[in-house]
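Along the sequence shown, residues are numbered consecutively beginning with 1. We count ligands from 1, going down the list as the structure has it; atoms in each ligand are counted the same way.
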Amino acid sequence: MKNLFYVVVLAFILASCNQKSNLKEDTTTREPNSFAIVIHGGAGGIKKEYFTEEQQEAYTLKLEEALKAGYAILEKGGISLDAVQAAINIMEDSPLFNAGKGAVYNSEGNQEMDAAIMDGKTLNAGAIANVNHIKNPILAARIVMDSSSHVLLSGKGAEILAAKYGIEMVDSSYFFTEKRMNQLKELQGKEKTKLDHTAFLINNELIDDHKFGTVGAVAIDKNGNIAAGTSTGGMTNKKYGRIGDVPIIGAGTYANNLTCGISATGTGEYFIRTVAAHEVSSLIKYKGLSPAEALHEVLFNQIGPLGGEGGMILLDKNGDVYWDFNSTGMFRGYKKSTGETKVEMFEKTN
Ligand code: ASP
């Protein structure tokens, strides 16, 4: 009987060793003091033929400006949370993207914005939802993280807290853009929502204005701390009060120094249902998948089959940058302390 006990214990030990050896060994490491930032400006039906040369240049310049703002902070030894915030601020202030200025309209003709930020070192997180008087929603998400005991505040409560901490408040008319309003008119009264970058018809004319998109950033600083943030106006013609994946920690935004930081963009409901960003992190952590494999698994084998569309940017604990999307394109770019930098928007090139 005693022998049988030892045999069972031995079998158990061998089984758990074997399980561990199934995990691929992570052989890469982070260069000391290296840093990097990756950003996105939304995913959707982004095709070259929809954009004039000038529009492509405008996007490229704005994405580069956002990258530079975040990079400058990291270069000076600043923390990744500040870099993420700075990059997102640039994109929130631009009507090119669906965040802050230029956010899309809900079914009632109002703009309701969501944002989130997460610290991969402490797993602290802050998020806001359904706000329309905060000029830069990502700043308010940071306030929730740093100055409250909560993770997610919505509507009036979020605005009161932001104002109390001196975050710039604006009249909701600040967010008005005519083209966004046209996007809404095409869908209003129909049971449909639309990703910003999806092509749409007005009076049978293809509107090739795809200059909107949720924005996000992930950065790793010289100390190896990862932060992720996302800011959005949501989806055109969404119902009043609808909250997307962006402020749901683990769905559209997630950071953990042990694995990676992620910011997502796409049809939010599917990213919530698959807990997309956390799922990617878990596949890396517990299943030993590479970041590229984990992104592919969640976007193509989980979100895609449910009917969801979008993409994710990822920066891993070694400072390596990854992205993937199951939509036609995604505005995206990165800048690393190694000198490598890239800005792209159309189909995948690698
Ligand atoms: N994920 C956002 C939302 O569902 C939309 C987007 O990424 O464009 O609110």
Side-chain angles (χ1 to χ4, degrees), residues 39-46 59 88 91-92 94-107 110-117 127-132 137-138 141 152 154 175 177 179-180 183-184 187 192-200 209-218 228-254 262-280 298-299 303-304 306-313 323-332 345:
I39 59 172
H40 72 76
I46 303 165
Y59 277 107
I88 290 179
M91 295 187 280
E92 284 178 333
S94 166
L96 291 175
F97 304 99
N98 168 24
K101 176 76 184 162
V104 296
Y105 287 96
N106 69 10
S107 57
N110 298 318
Q111 286 139 314
E112 294 178 322
M113 284 153 257
D114 302 337
I117 194 159
I128 52 148
N130 281 347
V131 298
N132 76 345
I138 195 70
L152 173 57
S154 71
F175 300 107
T177 56
K179 282 173 182 164
R180 286 283 189 222
Q183 262 192 321
L184 171 66
L187 289 176
K192 272 189 190 164
T193 55
K194 199 161 263 185
L195 271 185
D196 294 337
H197 303 295
T198 311
F200 61 98
D209 179 14
H210 300 264
K211 55 182 186 176
F212 319 104
T214 289
V215 305
V218 186
T230 320
S231 181
T232 189
M235 292 178 70
T236 299
N237 204 33
K238 64 185 182 178
K239 290 263 184 288
Y240 172 72
R242 177 264 190 186
I243 295 172
D245 59 316
V246 167
I248 308 299
I249 297 302
T253 310
Y254 188 70
I262 292 174
S263 171
T265 172
T267 41
E269 280 68 13
Y270 300 93
F271 286 75
I272 296 174
R273 288 165 61 193
T274 55
V275 202
H278 187 265
E279 177 78 349
V280 170
V298 175
L299 284 164
I303 290 174
L306 292 176
E309 182 193 346
M312 290 186 254
I313 53 169
W323 53 47
D324 206 347
F325 44 92
N326 68 359
S327 50
T328 318
M330 178 167 81
F331 294 105
R332 59 202 188 273
M345 50 189 98

Looking only at distance, does [X] have an N or O less than 3.5 Å from an N or O of ligand 1?
X	value
G234	no
T232	no
T267	no
A264	no
D114	no

(message) Can you tell me if G310 contacts ligand 1 (heavy atom of the residue under 4.0 Å from the ligand)?
(response)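 Outside the 4.0 Å threshold, so no.
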
(request) State if E269 counts as touching ligand 1 under the rule of any non-hydrogen atom under 4.0 Å. (result) no

(request) For the pair S94 (side chain) and L96 (backbone), establish whether a donor and an acceptor sit closer than 3.5 Å, ignoring hydrogens and angles. (result)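 Yes; at least one donor-acceptor contact below 3.5 Å.
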
(message) Quick check against the 3.5 Å criterion: does D245 have a side-chain atom that pairs as donor or acceptor with the backbone of A264?
(response)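 Here the side-chain-to-backbone pair does not exist.
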
Atoms of ligand 1 close to [X] [distance to a heavy atom under 4.0 angstrom, numbered from 1]:
X	answer
G266	1 (N), 2 (C), 3 (C), 4 (O), 5 (C), 6 (C), 7 (O)
D245	1 (N), 2 (C), 3 (C), 4 (O), 9 (O)
T265	6 (C), 7 (O), 8 (O)

(request) Would you please name every residue forming a ring pair (Phe, Tyr, Trp, His ring centres under 6.0 Å) with Y254, sequence neighbours left out? (result)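 In terms of ring pair (Phe, Tyr, Trp, His ring centres under 6.0 Å), with neighbours along the sequence ignored, Y254 is linked to H278.
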
(message) So, using side chain to side chain donor-acceptor pair (under 3.5 Å) as the criterion, who are the partners of E112 when residues are at least two apart?
(response)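 Only N106 meet the side chain to side chain donor-acceptor pair (under 3.5 Å) criterion with E112.
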
Would a 4.5 Å heavy-atom cut-off, applied to side chains only, mark [X] and [Y] as touching?
X	Y	answer
F331	I46	yes
E269	R242	yes
V215	T232	no

(request) Indicate whether any N or O donor in one side chain lies under 3.5 Å from an N or O acceptor in the other, for T230 and S263. (result)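 Checked: T230/S263 side chains pair up, N/O donor to acceptor below 3.5 Å.
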
(request) Could you see which bit of R242 sits under 4.0 Å from ligand 1, with heavy atoms only: side chain, backbone, both or neither? (result)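 Near ligand 1, R242 shows its side chain, while the N, CA, C and O stay back.
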
